[in-house]
Protein chains: 2
Amino acid sequence: MPQTTPTPASSALEADLRAGTGLLSDPEATTVERLMQAAAHAFADKGFHATTTRDIASGAGLSPAGVYVHFGSKEELLFNLSRTGHESALRQLRAAIAASPAPPGQLASLMARFSEWHVEQYQVARVVQYEHHHLTPEHHAEVLALRKEMDALVRDVLERGVASGEFAIDDVGDTALALLSIVVDVARWYSPTIKRTPAQIGATNAALALRLVGAAEPRRTARLATDTAAPPPDA
Amino acid sequence: MPQTTPTPASSALEADLRAGTGLLSDPEATTVERLMQAAAHAFADKGFHATTTRDIASGAGLSPAGVYVHFGSKEELLFNLSRTGHESALRQLRAAIAASPAPPGQLASLMARFSEWHVEQYQVARVVQYEHHHLTPEHHAEVLALRKEMDALVRDVLERGVASGEFAIDDVGDTALALLSIVVDVARWYSPTIKRTPAQIGATNAALALRLVGAAEPRRTARLATDTAAPPPDA
DNA sequence: CGTAAGACTAAGCAAGCGCTTAGTCACTGT
DNA sequence: ACAGTGACTAAGCGCTTGCTTAGTCTTACG
């Protein structure tokens, strides 16, 4: 049985600030931070199982054994990344909802900020959205609780908007799921080679959300697609 | 260099018909079909790299070496699955569009049938949507061409709806991406334990799509969520 | 100065991996 | 009757994997 290191976690606020630092780990960062960055990069790029502990070690500038000074196993590294990532995402959601007094503004702000988070932290976001089922059952359950909280926050905004008459939708659960699909899917299709800025993507998804709940500004002029606007569907 | 078997492909029409056959491979099916089913099951469940060729072999009722009688490598198995899966998806899309004369009906039919496909073939759909980047560059390029076709079909329906004045949207590319996000994401959250039928999910997504393009039936009564309707966000 | 603790590496182990080899068996055509 | 063919397996090869061990170096502290 492996001697499990007592699970370091590196200030989650720091993690929010260190946004898109690029391919090679920041040599100024602590070793634990560099390991988490290297793991996020590799897990997002190739997936948990295709990533070797040697990939992570060399990405952080360590020998293969250096990983195990700080993390008891590869799965523990994934868990730390996944947990802090979910917590970071939840913080964004809560802040976005708090930034506006009424459901329509809350929904717009929520979609914009959460989409921007998926773009700016797209490596972490990919791990959060697509790698959590490789966790051990115990760790998976812990992360699932955070995911349910995220879902509940979105549903709550929708329910209050329906109650106030500002939203006109058929079903809160279905609509919440569709809204989250639009955001979560950003982590799948986004690539740094895409030219749209995080703010543009956020604004687009906020506008789409308001349409979906029947709270969009009255009417817009229909406009045919120009080649300048649309992103490629795949990298 | 490995002696590559001349790439069997098993009638794609057959593949469409054999929908959700469950966990264990159909013993009536041919060996190639059983291998593809076992691979789809394992790849969807654990991902390409976490799946061993021994998993696939035993899932198809063969010894580990039996796989290599029919496929030259594990990647070739993924490629066959991915290619026939993309072709099957494309066929659904085209049939859905052909089933209706005007853009609103085409969009509704497209969203409904494509969503249903993601549910009924959810193991294949997961491989199609989430495993294709594990292909070799050559094979990846081939399925990317099929993916671009799928995207083009959706955009075409939107553009014709905008041109006819039936759709009122801000940007065709952004809207097409959001619609595809809603459908593709079905493969992520769907699980056979969920109680909603494929037809229900398809109808929901068709209705959401019509709202999103501003072509929904005039107004609906706002209705608060009841516990009976909404699916869980995770398995 | 001595020593204890922590961060790290060189080397390597056992297990599991993708895939191959050599051969068996059932069936087909002549 | 028999050679040929294709589907399949038992055994295993060479390599990579996650992780461990034993030890070095640096820093902190009495």
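We use all heavy atoms of the structure for the numbers below, so side chains are in, but hydrogens, waters and symmetry mates are not. Just so we're on the same page: letters track the sequence lines, and every chain starts at 1.
- Residues passing the side-chain contact (heavy atoms from CB on, under 4.5 Å) test with A:Thr52, sequence neighbours excluded: A:Arg54, A:Asp55.
- Rounded to an integer number of Å, the gap from A:Phe71 CZ to D:dT20 P is 15 Å.
- B:Asp185 is linked by a side-chain hydrogen bond (donor to acceptor under 3.5 Å, both in side chains) to A:Ser181, B:Arg188, counting only residues two or more places apart in sequence or in another chain.
- Using cut-offs of 30° and 60° for the angle between ring planes, the A:Trp117 and A:Phe114 rings count as parallel.
- For B:Asp45, the side-chain hydrogen bond (donor to acceptor under 3.5 Å, both in side chains) test picks out no residue, with sequence neighbours left out.
- Sorted by residue number, the members of residues 42-51 of chain A with any non-hydrogen atom under 4.0 Å from DNA chain D read A:Thr51.
- Going from atom CG of A:Leu93 over to atom OG of A:Ser109 covers 9.5 Å, rounded to the nearest 0.5 Å.
- With 3.5 Å as the limit, one finds a donor-acceptor pair spanning the side chains of B:Gln129 and B:Arg147.
- Under 4.0 Å is where a charged nitrogen must lie from a carboxylate oxygen, and between A:Arg91 and A:Glu87 no such pair does.
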Margin query: Generate the contact string for nucleotides 5-10 of chain D. Rules: B means base contact, S means sugar-phosphate contact only, - means no protein heavy atom under 4.0 Å.
Written below: --SBBB
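- Comparing the helix axis at one end of the helix from C:dC1-D:dG30 to C:dT30-D:dA1 with that at the other, each defined from 5 consecutive pairs, gives an inter-axis angle of 10° (nearest 10°).
- For A:Glu76 and A:His139, the side-chain atoms include no donor-acceptor pair closer than 3.5 Å.
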